[in-house]
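Everything below concerns the one structure shown next.
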Amino acid sequence: MSTNKYELVNLDTGKKSTLQAMSGTVGPDCLGIAPLAKDHGIFTFDPGFMATASCESKITYIDGDAGVLLYRGYPIDQLATKSSFLEVSYLLINGELPGAKQLEQFDHSIRYHTMINESLLRFFNGFHYNAHPMAMVSAVVSSMAAFYHDSMDNNNPRHREIFAHRILAKMPTISAAAYKHMLGQPFVYPRNDQDYCANILRMFFAVPAEDYAVDPVTAQALDLLLILHADHEQNASTSTVRLAGSTGTNPYAAISAGVSALWGPAHGGANEAVLAMLEDIGTVDNIPKFLERVKDKDGHTRLMGFGHRVYKNFDPRAKIIRDMCHKVLARLGRTDNPLFELALRLEEIALKDEYFIARKLYPNVDFYSGLIYSALGIPRSMFTVMFAIARTAGWVAHWQEMIGDPAMKIGRPRQLYTGPTARDYVEIGKR
Ligand code: CMC
């Protein structure tokens with residue numbers, strides 16, 4: 001705890017309060033503001049949570065100015081090069097890297113929870129073939145609560161653990177079912193002899209009519225993408241999971257709320273929007289004209305995949321993904337990818353442009369992720385679903401951290417009311 005104390009004086013009444021600063025292990029101090037409401041009857045006003053820490057957490061740390069991202073203290077670049085998505089999920093959820101035996105047990109449990117109830121699978125037939133997969137995933141994840149009454153006591157640590165394994169294991173199966181439904185192809189069941197990413201690729205791309213061999217380069221690239229997207233502290237979807245979860249609702253409902261929040265183009269939907277933008281720009285010659293549109297104060301065009309609420313420097317994940325994009329395209333023999341060339345030039349031009357320099361706008365994780373997903377054969381409408389598969393690890397870790405905290409309170413923000421003051425009801429004939 002910081003020893004810094006801040007004295008607040010109401011200049012009208014002369015009433016004083018002492019606000020105590022709290023220190024984390026790294027990062028800026030936070031001011032405990034509870035006395036403001038108690039002593040002075042005032043609230044703080046911070047739309048978009050620009051300067052508000054909504055909770056205490058030990059999971060992920062970001063230094064936006066330095067471009068640092070740590071999961072449980074481990075730098076993202078080390079995890080990206082040395083770890084695997086399942087190991088990272090274990091780390092995020094349990095706080096420590098697993099030993100060999102622990103990892104084996106975790107991996108085994110995830111492999112053996114991949115199937116979904118056949119009734120749940122039949123839900124997909126209720127969706128139109130062109131339903132957005134995020135709509136299907138969100139609905140089906142929420143519906144999981146109808147299947148596991150026997151293990152949904154939020155106060156029971158074993159139930160929480162079973163939930164964590166179930167949702168991590170079944171998210172790819174649900175996502176693949178959504179994809180197959182869109183294609184009109186038969187659902188491909190998961191196989192327990194396949195690892196996490198190989199299973200995803202099989203369920204997405206295999207068809208009963210022929211054999212399917214998982215390409216190890218593709219599986220490795222996918223694993224890396226999942227690591228990079230696994231958590232990002234109190235982003236919009238994670239905060240949504242926490243807020244929904246703080247009511248004591250079941251965890252499937254909370255994760256489903258997170259999926260819905262992730263869908264928006266300012267958040268997880270950006271990877272889909274980046275490809276649409278690149279296709280819209282078309283050629284390098286059109287970049288200046290496009291950037292003029294972005295800079296037009298009266299317009300609504302943004303350079304998608306650029307800018308971040310926290311990073312005011314390079315998003316460390318964007319650097320890793322850009323390097324990986326080079327490698328993946330080379331190894332898949334697709335070096336002459338015009339959209340990748342366009343993205344590289346767009347980044348180069350934007351980074352030299354005063355508009356982006358002044359606002360500290362750099363490429364974020366989504367600027368290149370869609371290009372890799374495309375190279376891996378994953379269609380654009382599934383990009384945000386891939387993000388959701390990865391972020392499930394983070395959502396679960398945050399839900400577990402919050403539910404396991406004895407000091408947990410329902411999230412209930414206040415407001416600055418600017419509507420009408422009290423007035424009498426007017427009968428309809430007199431309005
Ligand atoms: N293109 C053009 N201008 C931008 C952009 C952009 N991508 N991002 C921010 N700005 C401008 C914005 O117009 C504003 O300018 P001014 O001060 O003249 O009004 C200034 O920069 C500050 O922007 P802001 O909207 O107040 O910043 P924010 O922290 O609220 O928004 C953001 C962060 C990520 C929503 C925003 O940068 C954005 O919309 N980026 C494009 C969408 C995107 O790539 N999202 C993925 C984020 S990373 C993955 C994830 O979180 O899921």
Side-chain angles (χ1 to χ4, degrees), residues 46-52 54 60 62 64-65 67-69 71 76 134 225-242 257-278 280-281 287-322 343 346-347 349-373 380 382-395 398:
D46 184 22
F49 304 107
M50 302 290 287
T52 297
S54 61
T60 289
I62 305 173
D65 292 324
V68 167
L69 170 61
Y71 291 166
I76 191 65
M134 286 295 274
L225 283 166
L226 297 187
I227 292 174
L228 297 179
H229 284 95
D231 194 43
H232 215 224
E233 53 117 302
Q234 310 308 323
N235 58 86
S237 57
T238 302
S239 298
T240 302
V241 170
R242 278 186 178 262
V259 173
S260 301
L262 184 73
W263 192 358
H267 191 9
N271 51 16
E272 197 179 331
V274 168
L275 270 219
M277 174 190 75
L278 292 173
D280 179 41
I281 297 172
I287 292 176
K289 211 166 56 194
F290 172 75
L291 289 182
E292 284 318 307
R293 250 167 64 203
V294 169
K295 292 187 273 181
D296 179 0
K297 274 263 168 232
D298 301 324
H300 298 286
T301 309
R302 287 208 159 190
L303 176 49
M304 300 309 287
F306 255 66
H308 199 275
R309 170 61 60 81
V310 184
Y311 295 118
K312 301 301 169 196
N313 195 329
F314 254 94
D315 178 339
R317 303 167 301 170
K319 277 192 195 159
I320 300 170
I321 289 199
R322 187 181 48 192
L346 181 57
E347 175 190 341
I349 295 171
L351 288 177
K352 288 185 190 141
D353 190 302
E354 192 43 43
Y355 175 94
F356 297 93
I357 295 171
R359 290 169 180 74
K360 299 187 176 170
L361 300 171
Y362 291 87
N364 61 47
V365 67
D366 285 328
F367 194 66
Y368 289 103
S369 66
L371 285 161
I372 304 186
Y373 282 132
R380 200 193 298 172
M382 288 298 291
F383 291 175
T384 314
V385 174
M386 304 314 293
F387 195 156
I389 293 174
R391 189 53 59 86
T392 297
W395 292 332
H398 283 271

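FYI, side chains are in, hydrogens and waters are out, and symmetry mates aren't considered; it's all heavy atoms of this structure. When a ligand or atom number is given, it counts from 1 through the structure's own listing order.
- Within 4.0 Å of atom 22 (C) of ligand 1, not a single protein heavy atom is present.
- Each of the following atoms of ligand 1 lies closer than 4.0 Å to a heavy atom of Val294: 1 (N), 2 (C).
- With hydrogens and angles disregarded, a donor-acceptor distance shorter than 3.5 Å links the side chain of Tyr71 to the backbone of Ile227.
- Looking at Ala270 next to ligand 1, no N or O pair under 3.5 Å apart turns up.
- Counting only heavy atoms of the protein, atom 48 (S) of ligand 1 lies nearest to His308 CD2, 3.5 Å.
- Atoms of ligand 1 found under 4.0 Å from any heavy atom of Ala266 (numbered from 1 in listed order, with element): 45 (N), 46 (C), 47 (C).
- Those atoms of ligand 1 with a heavy atom of Tyr355 less than 4.0 angstrom away are 2 (C), 3 (N), 4 (C), 11 (C), 13 (O).
- Of the possible polar contacts, one joining the Asn364 side chain to the Gly307 backbone as a donor-acceptor pair under 3.5 Å is found.
- With Asp46 contributing its side chain and Thr52 its backbone, the two residues share a donor-acceptor pair below 3.5 Å.
- Note on ring orientation: taking the six-membered ring where Trp is involved, the planes of Tyr311 and His232 are tilted (angle from 30° to 60°).
- Looking at Lys312 next to ligand 1, no N or O pair under 3.5 Å apart turns up.
- When non-hydrogen atoms are compared, ligand 1 lies under 4.0 Å from the backbone of Arg302 as well as from its side chain.
- Using a 4.0 Å cut-off to heavy atoms of Gly305, the atoms of ligand 1 that qualify are 43 (C), 44 (O).
- Residue contact check for ligand 1: Asn235 places no non-hydrogen atom closer than 4.0 Å to it.
- Among all non-hydrogen protein atoms, the one lying nearest atom 51 (O) of ligand 1 is His267 ND1, 3.3 Å.
- Checking atom 27 (O) of ligand 1 against the protein gives no heavy-atom contact under 4.0 Å.
- Using modelled atom types, no side-chain atom of Thr238 and backbone atom of Gln234 make a donor-acceptor pair closer than 3.5 Å.
- Screening Arg322, Lys319, Lys352 for a salt bridge (charged side-chain N to carboxylate O under 4.0 Å, His left out) with Glu347, the sole residue that qualifies is Arg322.
- Listed by number with element, the atoms of ligand 1 under 4.0 angstrom from any heavy atom of Lys297 are 16 (P), 18 (O), 19 (O).
- Judged by distance alone, with hydrogens and angles left aside, the side-chain atoms of His398 form no donor-acceptor pair with the main-chain N or O of Val241 at under 3.5 Å.
- Of all atoms in ligand 1, numbered sequentially from 1 with element shown, those under 4.0 Å from a heavy atom of Phe387 are 52 (O).
- Of all the atoms in ligand 1, the ones that sit under 4.0 Å from a non-hydrogen atom of Phe306 are 6 (C), 7 (N), 37 (O), 40 (N), 41 (C), 44 (O).
- For Phe314, the ring-ring contact (aromatic ring centres under 6.0 Å, His included) criterion is met by Tyr362, not counting sequence neighbours.
- Under a 3.5 Å cut-off, the side chain of Asn313 and the backbone N or O of Gly67 do not form any donor-acceptor pair.
- Surrounding CZ of Phe49 are at most 12 heavy atoms belonging to other residues, nucleotides or ligands under 6.0 Å away.
- Side chain of Arg391 to main chain of Ser237: no donor-acceptor pair is present (N/O by atom type, distance under 3.5 Å, no hydrogens or angles).
- Taking NZ of Lys295 as the reference point, atom CZ of Arg302 lies at 15.0 Å (rounded to 0.5 Å).
- The backbone N or O of His229 sits nowhere less than 3.5 Å from a side-chain atom of Asp231 that would complete a donor-acceptor pair.
- In terms of protein heavy-atom proximity, atom 34 (C) of ligand 1 is closest to Gly307 O, 3.7 Å.
- With a heavy-atom cut-off of 4.0 Å, Phe367 does not touch ligand 1 at all.
- Protein heavy atoms are found inside the 4.0 Å sphere centred on atom 16 (P) of ligand 1.
- Distances between N or O atoms of Asn364 and those of ligand 1 include at least one value under 3.5 Å.
- The side chain of Leu361, and not its backbone, has at least one atom closer than 4.0 Å to an atom of ligand 1 (non-hydrogen atoms only; side chain from C-beta on).
- Less than 4.0 angstrom separates some heavy atom of Arg309 from each of these atoms of ligand 1: 28 (P), 29 (O), 30 (O), 33 (C).
- Protein heavy atom nearest atom 1 (N) of ligand 1, with residue, atom name and distance: Leu303 N, 3.0 Å.
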